[in-house]
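Bear in mind that the values here come from a model prediction, so they are computed numbers and not experimental data. Order of appearance sets the numbers: ligands from 1, and atoms from 1 within every ligand.
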Amino acid sequence: RSVMSATGRLALVTGGTAGIGAAISEALLAAGYRVAAAYATNGQAADAFSTRTGIPVFAWDVADFAACQDGVARVAMALGPVDILVNNAGVTRDAMLHKMTAAQWREVIDVNLGSCFNMCHAVIEGMRERRFGRVINIGSVTGQSGQVGQTNYAAAKAGMIGFTKSLALEGASRNITANVIAPGYTDTAMVGAVRPEVLKRILESVPAGRLATPAEIARGVVFLAADEAGFINGSTLSINSGKYLA
Ligand code: CAA
């Protein structure tokens, strides 16, 4: 059924060649969508991903407004207009607030939250004209619960929720939905960078006692991307095994 509803639709996934984003790109492809994956820096890994999956990849910095306009134009030139936008690209610069630099604050706000504005701005007029759109923003349990060392990241991810609710109201009459998925700790390089003793303590707070797989997060994206998901708007779908019940 999802294959039927997906026919012809183009999904663009930022940070779509690694971690949760790669799983999202592959899950959308498997569900019958056409997929483009954007990445920022690791061209070698992105090319390997593209070769393995057949998914075309495009490079630009999602924190840069003009680069997003240009990147989306390049995607449109190659594949046509974007029907489904997944804002997945994100970084961490963890530090206690008293040790956090202004650069660490700015970078996380610009990449994780600024990207939502930049990317949505680049696709939203086309979605409004075509009377269809799905915006899926990848938040975090940290944006709901807070986390030691993540004032920057939590602020960006919580900001994403308010951004999404507002965009949801703006797009509803044009059949454009906007929703957040808030993953818990997931088996990616980002979580792999957390010190082992810190991660052990975090895992003790996860009811399932394990990390999520990227595919378990991607499952939610496929759900929200569907034509049939048109009445799900402005919501936050927590995929965290019950670690935090918002
Ligand atoms: N819960 C409660 N307390 C914590 C804690 C936690 N998860 N993590 C650290 N603390 C406490 C420490 O026990 C310590 O307390 P005391 O001062 O009373 O001893 C205090 O916070 C400072 O911690 P550190 O000694 O570790 O301080 P540091 O400056 O060496 O390191 C840090 C700070 C880099 C933030 C480190 O604590 C850390 O890596 N924390 C984990 C951050 C984290 O979870 N990041 C998630 C990355 S993955 C991701 O972001 C994906 C996602 O969406 C979830």
Side-chain angles (χ1 to χ4, degrees), residues 13-25 27 38-42 45 62-63 86-116 119 135-164 179-221 224 235-246:
V13 184
T14 69
T17 64
I20 291 174
I24 292 170
S25 296
Y39 68 97
T41 48
N42 194 342
V62 292
V86 184
N87 285 309
N88 166 79
V91 295
T92 53
R93 296 290 181 266
D94 291 355
M96 306 279 280
L97 181 71
H98 58 274
K99 296 181 188 172
M100 188 177 289
T101 64
Q104 286 175 318
W105 168 262
R106 263 268 62 90
E107 193 170 356
V108 169
I109 296 296
D110 289 351
V111 173
N112 297 15
L113 181 59
S115 61
C116 288
M119 288 301 302
V135 175
I136 301 162
N137 295 323
I138 307 302
S140 168
V141 65
T142 285
Q144 302 168 301
S145 67
Q147 175 61 285
V148 173
Q150 295 205 294
T151 52
N152 50 3
Y153 189 86
K157 296 298 191 179
M160 209 181 249
I161 292 175
F163 174 95
T164 303
N179 293 282
V180 172
I181 289 180
Y185 283 71
T186 305
D187 189 8
T188 64
M190 182 182 274
V191 169
V194 175
R195 291 205 309 266
E197 71 274 17
V198 176
L199 189 57
K200 183 168 173 289
R201 198 138 51 97
I202 290 166
L203 275 178
E204 285 164 8
S205 70
V206 180
R210 64 171 176 84
L211 298 173
T213 66
E216 286 173 319
I217 309 304
R219 184 76 189 92
V221 176
L224 292 172
S235 71
T236 298
L237 175 58
S238 297
I239 307 182
N240 66 23
S241 162
K243 173 180 163 59
Y244 181 78
L245 300 171

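Classification of E204 and K200 as a salt-bridged pair holds, one side-chain N sitting under 4.0 Å from a carboxylate O.
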Write 'none' if nothing qualifies; otherwise put on separate lines each N/O atom of ligand 1 with a protein N/O atom under 3.5 Å away and their distance to 0.1 Å.
| unit_1 | atom_1 | unit_2 | atom_2 | d |
| --- | --- | --- | --- | --- |
| ligand 1 | 7 (N) | Q147 | OE1 | 3.1 |
| ligand 1 | 13 (O) | R201 | NH2 | 3.3 |
| ligand 1 | 26 (O) | R195 | NH2 | 2.7 |
| ligand 1 | 29 (O) | K99 | NZ | 2.7 |
| ligand 1 | 30 (O) | R195 | NH1 | 3.3 |
| ligand 1 | 44 (O) | Q147 | NE2 | 3.4 |
| ligand 1 | 44 (O) | Y185 | OH | 2.8 |
| ligand 1 | 45 (N) | D94 | OD2 | 2.7 |
| ligand 1 | 50 (O) | Q150 | NE2 | 2.9 |
| ligand 1 | 53 (O) | S140 | OG | 2.6 |
| ligand 1 | 53 (O) | Y153 | OH | 2.8 |

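Remark: side-chain polar atoms of K157 are paired, donor with acceptor, to backbone N or O of I138 under 3.5 angstrom. In this structure, the side chain of D187 does not engage the main chain of P214 through any donor-acceptor pair within 3.5 Å.
Taking every heavy atom of both residues into account, A154 and G146 meet most closely at CB-CA, 4.5 Å. When all heavy atoms are compared, the tightest approach of N240 to V206 is O-CG1, 4.3 Å.
How far OH of Y244 is from CD of Q147: 12.5 Å, rounded to the nearest 0.5 Å.
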